[in-house]
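Okay, so here's the structure we're looking at.
Indexing begins at 1, ligand by ligand and atom by atom, following the structure's order. Computed over heavy atoms, backbone and side chain alike; hydrogens, waters and symmetry mates excluded.
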Amino acid sequence: MTEYNDKHNPKSDSQTSKDQIIGDQMTKVTVNNAPDANPATLWLIDDDAALRMVLADTFEDAGLTVISFTQAQAAWTRLNDILQASAEPLPDVILTDIRMPMMDGLSFSDWVHRHFPKLPIVIMTAHSDLTSAINSYQTGAFEYLPKPFDLDDAVATIYKAINYQPNMIVENAITAPNSHINTDTLSDTSSFDNDAIFDTKKNVVSKANSVSKNNQAANHKAGIQTDTKVQSNPNPSGIIGQSQAMQTVFRAIGRLAHSPITVLITGESGTGKELVASALHQHSPRHQQPFIALNMAAIPHDLIESELFGHEKGAFTGATTTRQGRFEQANGGTLFLDEIGDMPFSTQTRLLRVLANGEFYRVGGQQPVKVDVRIVAATHQNLEALVKQGKFREDLFYRLNVIRLPLPPLRTRPEDIPALAAYFMQRAAEQMNTPPKQLHPAALQIVQSFEWGGNVRQLENVCLWLTVMATGDTVMVDDLPPELLESIPSHFEAHPEQNLSTQQTAQNHQQQNGARIENQHAHDISNNSNWQQALAVWAEQSLQTGETDILQTATPEFERVLLMAALKHSGGKKIAAASLLGWGRNTLTRKLQQLDISV
Ligand SMILES: Nc1ncnc2c1ncn2[C@@H]1O[C@H](COP(=O)(O)OP(=O)(O)OP(=O)(O)O)[C@@H](O)[C@H]1O
């Protein structure tokens, strides 16, 4: 007989674990290995049996009583019974997947949060984008775990949820002065598959979460509303990124969007500070009010005060009418103060006053103006250093620095580049009214290893440049702009064959090819000591950018490398090279033609 435990009634004599499905609900007899005689109870909801089993084992090993459900609806039914005054106690925490048949995890989380606001829910999802993070937190979830996640991190998150004090979900992150967004519980999400696979017991890899058409009907029956507006556009903020660093940013936006708290976004120029500020506004309750962005570095210092606070008629020469400042224009919404480090000292003092009491005077004004504005500030400068140099007010710094959201430079997250480049190529093509171009894998490799001092903005501009300047549908290495080509180490020419001309003399061909082949070979040996690994990385990146038929792309490249090595070894002699490769002479000739290699 199957039974389930709760924390007030632990099954002390059980030393084994077994699953049994009863109807659509699976209960699990729990092994209580932990010394805690009164373990907390976790309800685990996922329609993937293998994933459920791994997670259940992990949480049991961590000392929890686990009750597993194959569907959110089964858990919902049980919670409904509890709501109808059943004697059964509530779980201490719920961990649920998002996409499941009948009822999805977000709708379930929303319902639970409305009926049991103190019951923490952790949501796991294979869709590690901003929308998933925002949606999860908007349903009142305690935490959001993008798959694949580290099981140790998942356990830590679940225990954090169990110990959490109600009403502290947002405050956790925002009330601690000068807190940075925590990256501790995140793991690398750059590679997830759509099939149910288990990498190792440590990394949970995602499954294909098919959404049942029954979802909406079931939700309707259960009186649950789903946010179809958000779901209809998969990426309304246009923020791309799957790297761990960007996951942290998404979680921060998800957590902070609903709070009126001041946020200081830091990061190099072009990392997306304004985009993130706008996303914070877009996903906030203020989204129907104005989002006003003002760049302190772009306004002459003597105009900043009237720009920010407005002025009365006659306040200064040229002030022929009374004018509202940005603060008034942003009333009810968000004011984004970009390059805050460039704000003049005197304006800093006035800003501090507005932040303190929400009031200010227009330039030349006698009456205080009261506004309700959320401030999001940004800087690429080191504000602490500016404070030390006496250029930035320390008290303003502390007021702005309540929550700091650092954005990672692009060079630290090359795994985001394929998707970003594909996105910008598509956008540029739409702008130019041409079909989108694709980066050849060799060109992409160079793009990914570039330093990107101008960060995402520079990549965006390069994609625009390529859309206009590159000739074919596929951007080859030679098509790249000079700054990228110059960045290639002198011994490395990614695809030397592209530079070979049929008009060169035979001797030139042989000499040049010999040298190029040698260089290429040296590069390959020094960089691809584990070529299978390099190939795996390439395959993963190609698939992430939505490529198909990758074998068709990879096979000629594979042959090209071997062919170049054989030619190098034979000193450019084709018959010898063919024999080194195990090909006949005709095959080699055909391959040279197919691969467009001139020897
Ligand atoms: N993660 C991202 N996904 C998609 N587009 C991005 C991303 N990050 C930045 N961009 C794009 O890059 C460009 C620069 O971004 P943004 O202006 O927000 O950077 P910034 O950090 O505010 O720059 P600056 O400090 O120079 O003002 C914009 O066109 C923006 O849309």
With a heavy-atom distance limit of 4.0 Å, tell me whether [X] approaches ligand 1 through its side chain, its backbone, both, or neither.
X: His380; result: neither
X: Phe336; result: neither
X: Asn295; result: neither

Assess whether a salt bridge exists between [X] and [Y], defined as any Lys/Arg side-chain N lying under 4.0 Å from an Asp/Glu carboxylate O.
X: Glu143; Y: Arg255; answer: yes
X: Glu268; Y: Arg411; answer: yes
X: Arg362; Y: Glu328; answer: yes
X: Arg353; Y: Glu359; answer: no
X: Lys147; Y: Asp46; answer: yes

Within ligand 1, which atoms have a heavy atom of [X] less than 4.0 Å away?
X: Ile239; answer: 1 (N), 3 (N)
X: Leu420; answer: 2 (C), 3 (N), 4 (C)
X: Glu339; answer: 25 (O)

Which residue and non-hydrogen atom of the protein lie closest to [atom], and at what distance in Å?
atom: atom 10 (N) of ligand 1; answer: Val456 CG1, 3.4 Å
atom: atom 4 (C) of ligand 1; answer: Gly238 O, 3.1 Å
atom: atom 2 (C) of ligand 1; answer: Ile240 N, 3.6 Å
atom: atom 27 (O) of ligand 1; answer: Asp338 OD2, 3.3 Å
atom: atom 7 (C) of ligand 1; answer: Leu275 CD2, 3.4 Å
atom: atom 19 (O) of ligand 1; answer: Gly272 N, 3.1 Å
atom: atom 23 (O) of ligand 1; answer: Gly270 N, 2.9 Å

Check residues 376-383 and write down every donor-acceptor pair under 3.5 Å in which the side-chain atom is one partner and the other belongs to a residue at least two apart or another chain.
residue: Thr379; atom: OG1; partner: Gln381; partner atom: N; Å: 2.8
residue: His380; atom: ND1; partner: Glu339; partner atom: OE1; Å: 2.8
residue: His380; atom: ND1; partner: Glu339; partner atom: OE2; Å: 3.2
residue: Gln381; atom: NE2; partner: Asp342; partner atom: OD1; Å: 3.4
residue: Asn382; atom: OD1; partner: Glu384; partner atom: N; Å: 3.1
residue: Asn382; atom: OD1; partner: Ala385; partner atom: N; Å: 3.1

**Item:** Under 3.5 Å donor-acceptor, Asn331 side chain and Asp372 backbone
**Value:** yes
**Item:** Taking every non-hydrogen atom, the tightest pair across Ser136 and Ile98
**Value:** OG-CD1, 4.2 Å
Taking [atom] as the point of reference, which of [options] owns the nearest heavy atom?
atom: atom 25 (O) of ligand 1; options: Arg413, Met246, Lys273; value: Lys273
atom: atom 24 (P) of ligand 1; options: Arg427, Arg457, Glu460, Glu274; value: Arg457
atom: atom 26 (O) of ligand 1; options: Ser269, Ala297, Ser278; value: Ser269

**Complete:** Only residue of Leu351, Val369, Leu294 satisfying side chain to side chain contact (heavy atoms under 4.5 Å, CB included) with Phe327 is Leu351
**Asked** Please, which pairs that meet salt bridge (charged side-chain N to carboxylate O under 4.0 Å, His left out) have at least one residue in residues 422-446, sequence neighbours excluded?
**Response** Arg427-Glu460
